[in-house]
Amino acid sequence: MLTFAVCGCRGESHWPSRPVTLICPWSAGGGTDRVARQLAVQLEGELGVPVNVVNATGGGGATGHVRGAAARPDGYTLTMATVELNMLHWRGLCPITPDDFQPIAKLNQDSAAIFVRESSRWQSIGDLQQTLSGQDTPLRASGTSAGGIWHVSLVGWLGAADLPSDSVTWVSMSGAAPSLQELMAGGIELVCCSIPEARPLLDAGEIRCLAVMSEQRSPAAPDVPTLEEQGIGWSMGGWRGVMYPAGVPPEKAATMQQAVLKVANSQTFANFMDAAGFHRDVADGNAFADFLSQSDSDFGSVLNQPVMKRQRDAPFGPHAFPVAVCACGALIAGLGFRSSRRAAGTVAATTDSNPRPAVRMPLLVGFVISIGGFVLVVEQVGYVVAAFAMLLILMLLLRVSFRMAATTAVIVVAGLYQVFAGVLGVPLPWGWLGW
Amino acid sequence: MNHAITQAISETLTRPDLWLIVFASAVYGVFVGAIPGLTATMAVALFVPMAYWMEPVDAIAAIVTMVACAIFAGDLPTALLRIPGTPASAAYADDAYALSRRGLARRLLMVSLFRSAFGGIFGAVVLMLLGGQLASFARSFSVAEYFWLYLIGLSCAVLVAPATSRWQAVCSLLIGWLLSAVGISAAHPEPRLTFGITALYQGISFIPAMIGLFGLSEVFANLSEETLAGRKRDDDGETTVSNGDSVGVTSRRKSRAIGFTRSGSIGVLIGMLPGAGADIAAWVAYAMAKRKSSAADGEATIDTIGEASTANSAALAGGWIPMLVFGIPGDSVTAIVIGVLLMKNVTPGPAIFEDQPVLVYSIYLTFILANLLMVPVGLAAISLASRMVQLSKRMLLPLIVLFCVTGAYSLNGSLFDVATMLAMGLLGFGLSRFRFPLGPVVLGLILGGPLEERLMQALTASGGSPIGLVNRPVSVLLAFVTGVIFWGILRAASRDRRH
């Protein structure tokens, strides 16, 4: 009764009738997150239910996309997909391809651009290409991790301009912001990333943009020439779009597409995108699907080139580091055990003066099983039921009276649920009862 | 300039609605920060949709306040339940919890609150006076300098360990380091140690790991007959809350002032380096304070923890330096702030100082206002929170478990994180049993990945030659400092061996 009152009752007459989750594969504060949160705010107005952004980050975008594709196709989980969806599967990092999704709407496309320090000697892309073709020591460039979108863009440009692929060393950094910091610090000479990512430094006159990799000049930087104008036929960029996992009923997908397109074409959204420097490029589900299959084969052709597979400039393999740490740990532990055993006679007396009481193993096992059980069933039965059961079992394990335990569990779980899902807008798993 | 300051004052301090916004954000920040698993970043990210409807100054004031308060509030579960609210407070989680078991929780939290507030104000003043100069220094940090800085940060975990358990601290650090090797990073695009589990591609996320290592493992350790029967385990009882002795012994005052300036400066200097941030600052300040104080009584430990709080708060202001001056985010919170500013058609960067000086001064003033208002809200939170932990252990332990589970889940909405937390809880429980400290595990987990990345990047850029790590003046200096610290540790170790 109390939980019912707290959670409120929701009619099923109107779809959607409960909060929608928007998975963002990138971290809070980044470009994709900003677009996702803006979309979420406006989508709330269109749909009449909360739209919560969840940052499922990591794995260079793999985590979020995999989770988005594997979500229950009930129409309540959207994914803010990014260009990495086109790339990860070609690199064998993730089994998900665009075919696992049902595209709803494409929102934006940002072209790659090449940046150098303001104090550098390169005034135009021509200067830079001249240096690259005649120089023995490679220039150092970054913008993202090796094999990422801006790396692909740079390698594609080198190929299109007939420059040797080893004239640039790609320093694998985790994103555009640290790459720009490194450019300023003088650790690298080139940065390849999108214009909005470099906006503040560009406006401040600290860095110079030599070229954009698009067919038309970017509205965000209209005085920067395109590669096309320099006679190099290469354009590349990142996109963002909203997707459903495959298998969502068509009438729900249609409702959602209508709402998303209405937001994407609104003046508010356009203003936001302009202010943030993102190039708005809206397409509906069908056009988006065509675009995806086209770009997917483009990326396949670049990423399968031997030069991309070879582009691993790192001096050590991936396992060198953990092996070194293990060896170090074994050495120190060995030395430590020996010396502590030698010192045991004198030291033990002082350190063991306050021993911790013995733990009751059955209780410990009971606690672990209860938490494990919660993890296993919560997706099915929902947070409220699972948390209530877990709390009740734990309290009974500690021999709290049943009435006391049940009352506390009802109050605490309902309160906590209300705080997280209601006040803070953090989605908790839904289950049988609708909450 | 004076005109800008006056205008900024009239646009901030004299507006009652802004005070109200700051107050509400302080309450919200304390609330979110006190829930284990919800971070300051999370508090800001949840607030962003609301920021859209607010004026730039109001939005910034709200963000500054909620972050400062959330970081302070992270100390509440740290001291009372041994669940660190922020990675920075993991530095002193064990010491703080030991103090509260001796009944010094309220005293500790008071010190922590006031030191946080002063640290925040100190950071804001430095930001105001030296922002530009410091920013151009921060700009010269390349990957090689970061590599040495991270190494110094890591060695702090060994510095703070008592001599008898130094090798255990090193082992804990290496365990954390090994855990950080899981997943994909910029240093190695191939997945590593993931055993084909996609959820592990992102590595072990450290908030759930931290909740498990400290919070859940403490619950496990409490599952004993004696604790459950409510019998006293230490000299004077459970987490009872007393005021301790009166504030301010004169002999301490001078060393406190020096310590405060030192940790405040460390906080600002390290905090302003993009990507280094408050975590390293708190560890370094804690290590330095601990080296300085020889006494092992509660009062000295409280002071040491207070210094870490100071550095932690001062680092928050430091993080704004590169953000305002160059538009390069210093941490995830300033990254969000850049987004909010851009949403308001304000582009951070050098131009902001000339075009919108009023806005800049308003931001400085809100820093001070936020830290002032944090005190009353923090005091209320301390007395509320201390009351909550006076529940009987039988009721409290299951509730802590529920909090741990919910907190771990809500960060990324991932059940895998809950499983991670459970595994880390067992690991932490095992390690504590054998007297391995847990703080270094967290530090290794946080810094291990970036350290490796920076090493790889520096070596890649120099074509594989280690000269690339020491061919710039600042990197030579930092390498020298690292060398001195390592030599000191080794010498101390060999001296102990001989005794």
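Throughout, a chain's letter reflects where its sequence line sits, starting with A, and its residues are numbered from 1. Just so it is clear, the structure is predicted and the values come from calculations on it, not from any experiment. Any value given below was found using the heavy atoms of this structure, including those in side chains, with hydrogens, waters and symmetry copies removed.
Listed for the B/Arg394 side chain is no donor-acceptor partner under 3.5 Å among the backbone atoms of A/Val400. Checking side-chain atoms of B/Gln457 against main-chain N and O of A/Ser172 turns up a donor-acceptor pair under 3.5 Å.
In this structure, the side chains of A/Leu416 and B/Phe403 come closer than 4.5 Å at one or more pairs of heavy atoms. No side-chain heavy atom of A/Phe367 sits under 4.5 Å from any side-chain heavy atom of B/Leu216. Taking 4.5 Å as the limit, some side-chain heavy atom of B/Leu399 sits within range of a side-chain heavy atom of A/Met395. Under the 4.5 Å side-chain criterion, counting only non-hydrogen atoms from C-beta, B/Tyr409 is not in contact with A/Val378. Inter-residue side-chain proximity for B/Val143 and A/Val171 is flagged as unmet; no heavy-atom pair is nearer than 4.5 Å. Residues A/Leu394 and B/Leu397 form no side-chain contact, since every pair of their non-hydrogen atoms from C-beta on lies 4.5 Å or further apart.
B/Leu426 contributes atom CG, which lies 8.0 Å from atom CD1 of A/Ile371 (distance to the nearest 0.5 angstrom). Rounding to the nearest 0.5 Å gives a distance of 11.5 Å between CZ of A/Arg67 and CZ of B/Phe416. With values rounded to the nearest 0.5 angstrom, B/Ser142 atom OG is found 8.5 Å from A/Gln181 atom CD. Note: B/Leu415 CG to A/Phe374 CZ = 7.0 Å, rounded to the nearest 0.5 Å. For the atom pair CZ of B/Phe220 and CE of A/Met361, the computed distance is 10.5 Å after rounding to the nearest 0.5 Å. To the nearest 0.5 angstrom, A/Leu331 atom CG is 10.0 Å from B/Leu174 atom CG.
In terms of heavy-atom pairs under 4.5 Å with chain A, the best-connected choice from B/Leu173, B/Ile175, B/Val170, B/Val219 is B/Val170. Of the listed residues A/Gly329, A/Ala405, A/Pro322, the one with more heavy-atom pairs under 4.5 angstrom with chain B than any other is A/Pro322.
Scanning both residues, B/Leu422 and A/Val368, for their nearest heavy atoms gives CD2-O, 4.0 Å. Between B/Cys171 and A/Ile332, the shortest heavy-atom contact is SG-CG2, 4.2 Å. Across all their heavy atoms, B/Pro398 and A/Leu398 have their closest contact at CD-CD1, 3.7 Å.
At a 4.5 Å heavy-atom cutoff, the contact between A/Val54 and chain B is made by side-chain atoms alone. Contact of B/Val182 with chain A is not made at all, since no heavy-atom distance falls under 4.5 Å.
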